[in-house]
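Since the structure comes first, as structure tokens, the remarks are kept for the end.
In this text, all values refer to a predicted model and were calculated from it rather than measured experimentally. All ligand and atom numbering here is 1-based and tracks the order in the structure. Quick note: residue numbers are just sequence positions, from 1.
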Amino acid sequence: MAHAHLTINPAFTVGPVRRRLFGGFVEHLGRHIYDGIHEPGHPSAGPDGFRRDVIDLVKELGISTVRYPGGNFVSGYNWEDGVGPVAERPRRLDLAWHSTETNQVGLHEFQHWLDLVGGELMLAVNLGTRGPKEAAELLEYTNVPGGTARAAQRAANGRQEPFGIAMWCLGNEMDGPWQLGHRDAEDYGKLAAMTAKAMRQVDPDLKLVACGSSGRGMPTFGEWERVVLTHAYDDVDYISCHAYYQEHDGDLGSFLASGVDMDSYIESVVATVDHVRTVKRSSKRVDLAFDEWNIWYMSRWQEQARTFTIDEWPVAPRLLEDRYTVADAVVLGGLLISLLNHADRVTSANLAQLVNVIAPIMTEPGGPAWRQTTFFPFSVTSQAARGDALRVLVDADETTTATFGAVPVVAAAATSDGPTLSVFLQNRHLSEATTVTIDLRASQPTGAVSARGIWDTDVRAANDLRDTQRVGLRTNDTARLSDGLLTVELPPVSWTALTVARTASDEV
Ligand code: AHR
């Protein structure tokens, strides 16, 4: 049995937990939109073609902001193709995913879907094959109340009121050689600054995200952020981070510690951002938008990548449809712990993606929609992480991993909104339970404790079409509170959320 001792004092905060930390991402990719969220003729679809069973699951997941329409897709996208009468919209080649884009869903339809799920739109502009002019025109279309050609076009297309979109991404992964219009940091930094200035001339009240690296493994990582921000620091509010994790060569121990990698990724980008701030003698703070993060078995996708012919442009092919296990869910819970522990600087984040494509929700055409294992840590954290993220002092036994060396056997984060304290725990031990003692004496706990999470004797168990409910949330009934000390036993390879009622006090 391993042991961990945690100390939590609600007076010691990291920062507020913003709702935008629980964002999602919907890209025109594979069966995400077509045959995913949008399936006219499905028994649960409304007259608008959107599946209500999927909408219910997205609401239950607790998604806030949704990034759209890509991703790699956006770098070849003409937003004008997706507005106006649906029957007149062009079918286009999607070069990013070698598919046909039918444009049956565009800006208006997607905003309508977001209204149904209660989400905020985060719109990405195409800086791959287009530039500041088209970005400013799109912004005129979405945000200018009236009196211009683009605003009139919007009204003619059925929407008198502006969309009022606040969050904008200045392109996508422009450091990646796979990106249409990929460029170096100097060129992208200048383009991002130019585009941001043009967009602010239309609407000064925007939150703009410059592209950071598409992963910390990129050869230009670090220098990319420094050079881009040297050009664009004064013009943007965020720099993006992207990270996808997977188990390599059966090394579950290292995979479980992926949060260690995310911690150091975030801290490296913060250091680089603040270096530029220092050099510029700026009082402005640029935050991090972790606008793509998830588990993605990218190596399987790369192995399967096909060579296409000129006449092969499928509509909504099955792409990137990873099936997630209990172990994957435990890792995803650990990544959420990392994000919460950096809530002071990561003030926006998007799980990539949402439905069918590396997604917590799966659907079958004409059939059911179901929750993947990764759905559970996300939905519980989104619901329970409220108020302020708190500093957690962790004194734990260690476990040795091939990639990260010795790491604490338990990862932890905590939040409190006053009356409730939530603690999120990941046990990284492959075979042993860990007893955790949490010193909550400064938190005035009242005694009402609940603990739920995800673990299984078969860490490879998953939900799929054959058994959509094999894995679900479990209740951990080992939690005990006595004299302000809470003890709980965490099963091996597990993720757990504790909620503790507090005597609400003013200092929180
Ligand atoms: O999320 C899938 C893809 O991953 C996105 O389109 C791209 O931005 C990233 O490389």
Taken in chain and number order and not counting sequence neighbours, the residues that satisfy side-chain contact (heavy atoms from CB on, under 4.5 Å) with H231 are E186, K190, V227

>> Does R91, at its CZ atom, have more than 12 non-hydrogen atoms belonging to other residues, nucleotides or ligands within less than 6.0 Å?
In response: no

Using heavy atoms and a strict 4.0 Å limit, residues surrounding ligand 1 turn out to be F25, E27, G71, N72, W97, N172, E173, Y244, E292, W296, Q353, I358

* Asked: Does NZ or CZ of R67 fall inside the cone over F25's six-membered ring, less than 6.0 Å from its centre and within 45° of the axis?
  -> yes

### Query
Looking just at side-chain N and O atoms, do D263 and S338 make a donor-acceptor pair shorter than 3.5 Å?
yes

Sequence neighbours excluded, the answer for ring-ring contact (aromatic ring centres under 6.0 Å, His included) partners of Y245 is none

Sorted by chain and residue number, the ring-ring contact (aromatic ring centres under 6.0 Å, His included) partners of Y238 (sequence neighbours excluded) come out as none

